[in-house]
2 protein chains.
Amino acid sequence: MAKFDVKQEVTDKFSLRGRVFKKLRDDILSGKYEEHEELKEVAIGEELGVSRTPVREAFRQLELEGLIQIIPNKGAYVTGITEKDVRDIYMIRSLLEGLCARWATEHITKEQMEEMEENVYLAKFHADKGHWEQLAELDNRFHDIMYEACNSKMLEHQLKDFHQYVLRVRKKTLNNAKRGSKSNEEHEKIMEAIRDGNAELAEKLANEHISNAYANMVQNGLYEAYQK
Amino acid sequence: MAKFDVKQEVTDKFSLRGRVFKKLRDDILSGKYEEHEELKEVAIGEELGVSRTPVREAFRQLELEGLIQIIPNKGAYVTGITEKDVRDIYMIRSLLEGLCARWATEHITKEQMEEMEENVYLAKFHADKGHWEQLAELDNRFHDIMYEACNSKMLEHQLKDFHQYVLRVRKKTLNNAKRGSKSNEEHEKIMEAIRDGNAELAEKLANEHISNAYANMVQNGLYEAYQK
DNA sequence: ATCTGCATAATTGTATACAATTATGCAATA
DNA sequence: TATTGCATAATTGTATACAATTATGCAGAT
């Protein structure tokens, strides 16, 4: 049974297809390719020093993630993310993170609870010092802990799917003293609600946490990173 | 621009990979394969009369949909859906369908509104007559109309992903006079709320609609279709 | 000048060959 | 009997060859 628990990250680390997949996903999300730009199998393959086979397999995954669209016998085209898409994603995430917080309240283990408290404590330190790299890292980890604690592989899968879309933007938005501290304060309140077993409150706070993150992003015009 | 609007359904219809993908997805969802059963590339290929290449590409998509797990250099294993997964899916869907109804209220076009009214009207007829096939078809279509009307490709994508998981179960649960009529009455109320521009009510009703569908399913023990 | 038709090139779709890794079976040993 | 080691088979990972489809460019017609 345990052998089925191998994580996707591990799964792809050493395969050419996995490398191609990650590279292309990063490049698309970072805006290296224009919207609707065509991706040629041979060109990508030569760039990464691999044949078309792993490239094509990576394409199928990217299509399912909604990052490219494949038209049969024609080509693979980058599907851009509009401002509206980002807004929609944050609204959907707001709901799902709320549900996640509620379920986490009901299922969190002692170990996860301790890591969460430690996370908030450490983040407070780095926020004060202005260590934005570490703060972004801890922010990501906080959410991952919650995803794991909710004890639902379906919800975890959904949220992690979204997560990739907002990773880059979030790192930028946290590079800002006010939001950095504010975000961690919100984490702390969520953590306390979970610890106290107050699922209703945890859900509400997690909802607001995502809404606030989006509002902050819009205020600073930082979603333009998606637009190029 | 228009050429990018080609639907996924069309995209895969004529490729071997698309056929393999659909076949395997159906077989997994219908329970043809046991949980944790290993899928061999050559065996699948021979069964469908194709080589390993399209089979492998289909595997990558199935993995991303969460239906199989691929362990490098070992094999592809079916990831089963537990009762808890089904429950989680319905809870998540309840939230997202609610959001969808809210957005649909704000963005539905006249044409979509008319198709929705026609759908409810027709479904009433088939529910009375006990035409379960047509009723299931109309039920699916009702939700698809709402997905399109919400005007969010991100949310639509999410909901359609879930939809496949519940399609078979839903068809069974509707094969039941009481639920069939009740479901359509709920559709009618949602439709009216959308028509009246009452987004709050539409969201609430859509939430409840999915919850009721789940409750009905549990009551009838029909999710066992997933368990095999 | 613009358009049509066709030859050619470019690109994707699939099959197959080969390499790398993992699973299996059996003999030798304790 | 149980266990180790190794040869062999089975399976996956990747590259390449070929087929099918689509794009491109140019000659000729209007």
Side-chain angles (χ1 to χ4, degrees), chain A residues 1-25 28 33-34 36-64 67-79, chain B residues 1-25 28 33-34 36-64 67-79:
Chain A
M1 200 58 176
K3 67 174 175 177
F4 295 111
D5 290 329
V6 178
K7 282 287 190 295
Q8 181 69 21
E9 303 305 316
V10 177
T11 299
D12 285 346
K13 194 180 287 180
F14 302 110
S15 71
L16 297 187
R17 173 191 57 77
R19 289 222 309 274
V20 174
F21 176 66
K22 279 194 165 44
K23 176 69 159 54
L24 286 175
R25 190 175 66 180
I28 292 172
Y33 300 110
E34 302 287 328
H36 306 306
E37 182 171 345
E38 186 171 358
L39 300 181
K40 305 275 176 62
E41 293 174 359
V42 280
I44 304 286
E46 281 173 4
E47 190 185 330
L48 300 175
V50 302
S51 75
R52 287 172 55 214
T53 308
V55 174
R56 282 178 60 82
E57 291 184 10
F59 275 16
R60 303 306 163 191
Q61 294 184 287
L62 291 167
E63 181 180 35
L64 220 58
L67 293 176
I68 68 176
Q69 176 170 22
I70 298 173
I71 300 178
N73 293 312
K74 285 203 59 185
Y77 303 88
V78 175
T79 62
Chain B
M1 200 56 177
K3 66 175 175 176
F4 295 111
D5 291 330
V6 178
K7 282 286 189 298
Q8 182 68 20
E9 303 305 316
V10 177
T11 300
D12 285 346
K13 194 179 290 181
F14 301 107
S15 71
L16 296 188
R17 173 191 57 78
R19 289 222 309 272
V20 174
F21 176 66
K22 280 194 164 44
K23 177 70 161 49
L24 286 176
R25 190 175 64 179
I28 292 172
Y33 301 111
E34 301 287 328
H36 305 308
E37 182 171 345
E38 185 171 359
L39 300 181
K40 306 274 176 61
E41 293 174 359
V42 280
I44 304 285
E46 281 173 3
E47 190 185 330
L48 300 175
V50 302
S51 75
R52 286 173 55 214
T53 307
V55 174
R56 283 179 59 82
E57 291 183 10
F59 275 16
R60 301 307 163 190
Q61 294 185 288
L62 291 167
E63 181 180 36
L64 220 60
L67 293 177
I68 68 176
Q69 176 170 22
I70 298 173
I71 300 179
N73 294 311
K74 285 202 61 184
Y77 303 89
V78 176
T79 62

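To find a chain, count down the sequence lines: A is the first, B the second, and so on, and within it residues start at 1. Side chains included, hydrogens not; waters and symmetry mates left out as well; all remaining heavy atoms used.
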Next item on the list: Report the nucleotide, chosen from C:dT14, D:dT12, C:dT22, that has the shortest atom-to-atom distance to any side-chain atom of B:Arg52.
Entry: D:dT12

Notebook entry, point to check: Is the closest side-chain heavy-atom distance between A:Ile70 and A:Arg60 below 4.5 Å?
Noted result: yes

Check: Of the nucleotides D:dT12, D:dT16, C:dG13, which one has an atom closest to the side chain of A:Asn73?
Finding: C:dG13

Margin query: Can you measure A:Phe21 atom CZ to D:dG13 atom P for me and round it to whole angstrom units?
Written below: 16 Å

Next item on the list: Please determine, for the side chain of A:Glu41, which listed nucleotide (D:dT14, C:dG13, C:dA15) has the closest atom?
Entry: C:dG13

Next item on the list: Classify the nucleic acid contact of B:Val50 as base, sugar-phosphate or nothing, counting any heavy atom under 4.0 Å across all strands shown.
Entry: sugar-phosphate

Note to self: Just the rounded figure in Å: distance from P of C:dG13 to NZ of A:Lys40.
What the structure shows: 14 Å

Next item on the list: Figure out the OH/C1' separation between B:Tyr77 and D:dT12, and round it to whole Å.
Entry: 11 Å

Next item on the list: Would you kindly compare A:Gly75 and A:Thr53 by the position of their nearest DNA chain C nucleotide and give the one closer to the 5′ end?
Entry: A:Gly75

Next item on the list: Decide yes or no for A:Gln61 and B:Glu63: does some side-chain heavy atom of the first lie under 4.5 Å from some side-chain heavy atom of the second?
Entry: yes

Checklist line | Nearest-angstrom distance from the residue atom CG of B:Leu16 to P of D:dC18 | finding: 20 Å

Notebook entry, point to check: So which nucleotide from C:dT14, D:dT16, C:dC18 ends up closest to the side chain of A:Arg56?
Noted result: C:dT14

Next item on the list: Would you mind reporting whether B:Glu34 and B:Val78 have side-chain heavy atoms less than 4.5 Å apart?
Entry: no

Item checked: Value in whole Å for how far the P atom of D:dT12 lies from CD of B:Glu57 -> 16 Å

Margin query: Checking contacts here: which listed nucleotide (C:dT14, C:dT12, D:dT14) is nearest the side-chain heavy atoms of B:Ser51?
Written below: C:dT14

Check: When the distance from CZ of B:Arg19 to P of C:dG13 is rounded to whole Å, what number comes out?
Finding: 14 Å

Next item on the list: Please state whether the phosphate of D:dA23, meaning OP1 or OP2, lies under 4.0 angstrom from any side-chain nitrogen or oxygen of A:Lys74.
Entry: yes

Checklist line | B:Leu48 and B:Lys23, any side-chain heavy atoms less than 4.5 Å apart | finding: yes

Margin query: Rounding to an integer number of Å, can you tell me how far A:Ile70 CD1 sits from D:dT21 P?
Written below: 18 Å

Notebook entry, point to check: For A:Glu38 and D:dT24, what is the distance between atoms CD and C1' respectively, to the nearest whole Å?
Noted result: 14 Å

Note to self: Any heavy-atom pair between the side chains of B:Lys74 and B:Glu38 that's under 4.5 Å?
What the structure shows: no

